[in-house]
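Notes follow the structure.
Basis for what follows: all heavy atoms, side chains included, without hydrogens, waters or symmetry-related copies. Every chain is numbered from 1 and lettered A, B, ... according to where its sequence line falls, protein lines coming before strand lines.
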Amino acid sequence: MINEAVQLRVEKTLSFVPEGNVISYGLLADLCGLPGRARMMGKCLQEIETDCNWHRVLRADGKIALPSGSDKAREQRERLIAEGVEVKRSRVNMKNFGWTPDIHTILVALEY
DNA sequence: CACGTGACATACC
DNA sequence: GGGTATGCCACGT
């Protein structure tokens with residue numbers, strides 16, 4: 001894995017994303033204390049436990065980052081739809097799910 | 001050391 | 001809207 005501490009941060013941060021909502025790689029990186037390292041998030045998600053909220057992570061433009069047609073992409077789409085998230089052509093309208101994270105709460109919880 | 005690549009982001013055309 | 005260009009960072013070649 002990339003980094004034990006980072007993985008833990010990612011998992012914890014994801015636990016703050018409510019069901020039926022989504023988050024971008026960039027914002028996730030920011031909340032993990034790793035601004036500008038959105039690409040690293042993808043690496044982590046590949047090695048993180050399957051029972052975390054990995055399916056709520058989308059690209060900034062709302063598209064599912066996984067290769068369209070892949071099993072993983074289908075699974076992510078199904079999971080999102082199951083939560084009530086509308087997915088059109090492998091993409092969601094980020095404006096409808098503007099998750100306004102409580103930064104302070106997260107920072108305290110993660111003890112930054 | 002120099003590139004190329006990637007579950008990315010932003011700016012610009 | 002799509003396409004290109006940069007910036008970004010970890011990894012492999």
Side-chain angles (χ1 to χ4, degrees):
Chain A
M1 56 184 69
I2 303 296
N3 182 319
E4 194 77 31
V6 173
Q7 294 256 123
L8 200 56
R9 285 187 180 189
V10 173
E11 292 184 27
K12 283 193 171 188
T13 304
L14 282 180
S15 70
F16 284 89
V17 183
E19 180 178 330
N21 225 316
V22 296
I23 187 176
S24 70
Y25 288 88
L27 179 55
L28 176 59
D30 289 347
L31 296 182
C32 286
L34 301 167
R37 268 162 271 192
R39 308 192 79 118
M40 183 188 269
M41 298 301 97
K43 293 290 185 187
C44 290
L45 293 189
Q46 294 183 47
E47 306 170 19
I48 276 181
E49 317 305 323
T50 58
D51 56 350
C52 71
N53 300 331
W54 64 269
H55 61 284
R56 296 180 191 152
V57 185
L58 302 171
R59 282 186 357 190
D61 61 5
K63 280 175 71 174
I64 288 177
L66 292 155
S68 61
S70 68
D71 290 351
K72 281 301 211 178
R74 279 192 297 93
E75 181 182 355
Q76 182 170 17
R77 184 173 61 84
E78 294 306 319
R79 287 185 147 194
L80 287 172
I81 293 176
E83 291 185 358
V85 178
E86 185 179 7
V87 184
K88 292 181 178 178
R89 294 193 298 286
S90 299
R91 110 171 36 187
V92 313
N93 188 338
M94 296 297 267
K95 299 308 167 193
N96 297 343
F97 300 93
W99 177 48
T100 55
D102 185 338
I103 305 293
H104 184 64
T105 298
I106 293 178
L107 296 187
V108 171
L110 300 181
E111 298 175 359
Y112 289 175

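- Atom CE in A:Met41 sits about 11 Å away from atom P in B:dA9, given to the nearest Å.
- Within residues 68-83 of chain A, no residue is approached by DNA chain B to less than 4.0 Å at the level of any non-hydrogen atom.
- A straight line from CZ of A:Arg37 to P of C:dC8 spans 11 Å, rounded to a whole angstrom.
- At a cut-off of 3.5 Å, with distance as the only test, no side-chain donor of A:Glu78 or A:His55 sits close to an acceptor on the other residue.
- Distances from the side chain of A:Ala38 to the nucleotides B:dA7, B:dA9, C:dA10 place B:dA9 closest.
- In this entry the distance linking CD of A:Gln46 with C1' of C:dA10 reads 12 Å, nearest Å.
- Of the candidate nucleotides C:dC9, B:dA9, C:dG2, C:dG2 has the atom nearest to the side chain of A:Arg91.
- Distance check on atom C1': C:dG12 versus B:dC1 gives 14 Å, rounded to whole Å.
- Spacing of C1' atoms, C:dG7 relative to B:dG6, comes out at 14 Å, to the nearest Å.
- Listed nucleotides: B:dA7, B:dA9, C:dC9. Nearest to the side chain of A:Leu45: B:dA7.
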Hey, can you pull the donor-acceptor pairs under 3.5 Å for the side chains in residues 61-69 of chain A, sequence neighbours left out?
from: A:Asp61; atom 1: OD1; to: A:Lys63; atom 2: N; distance (Å): 3.0
from: A:Asp61; atom 1: OD2; to: A:Arg59; atom 2: NH2; distance (Å): 3.0

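- If you check B:dA7, C:dC9, B:dA9 against the side chain of A:Ser24, the one that comes closest is B:dA9.
- C:dC9 atom C1' lies 10 Å from atom CG of A:Leu34, rounded to whole Å.
- With sequence neighbours excluded, no residue forms a salt bridge (Lys or Arg N to Asp or Glu O under 4.0 Å) with A:Asp51.
- The shortest side-chain heavy-atom distance between A:Val85 and A:Asn96 does not fall under the 4.5 Å cut-off.
- Look at CG on A:Asp30: it is 13 Å from C1' on B:dT10, rounded to the nearest Å.
- Checked against salt bridge (Lys or Arg N to Asp or Glu O under 4.0 Å), A:Arg91 has no partners two or more places apart in sequence or in another chain.
- Counting to the nearest Å, the C1' atom of C:dG7 and the OH atom of A:Tyr25 are 19 Å from each other.
- The side chain to side chain contact (heavy atoms under 4.5 Å, CB included) test applied to A:Glu75 returns A:Trp54, A:Lys72, A:Arg79, not counting sequence neighbours.
- Residues that satisfy the side chain to side chain contact (heavy atoms under 4.5 Å, CB included) test with A:Arg74, not counting sequence neighbours, are A:Asp71.
- When the P atom of B:dA7 is taken as reference, atom CG of A:Leu28 falls 16 Å away, rounded to whole Å.
- At whole-Å resolution of the value, CE in A:Met40 and C1' in C:dC11 are 11 Å apart.
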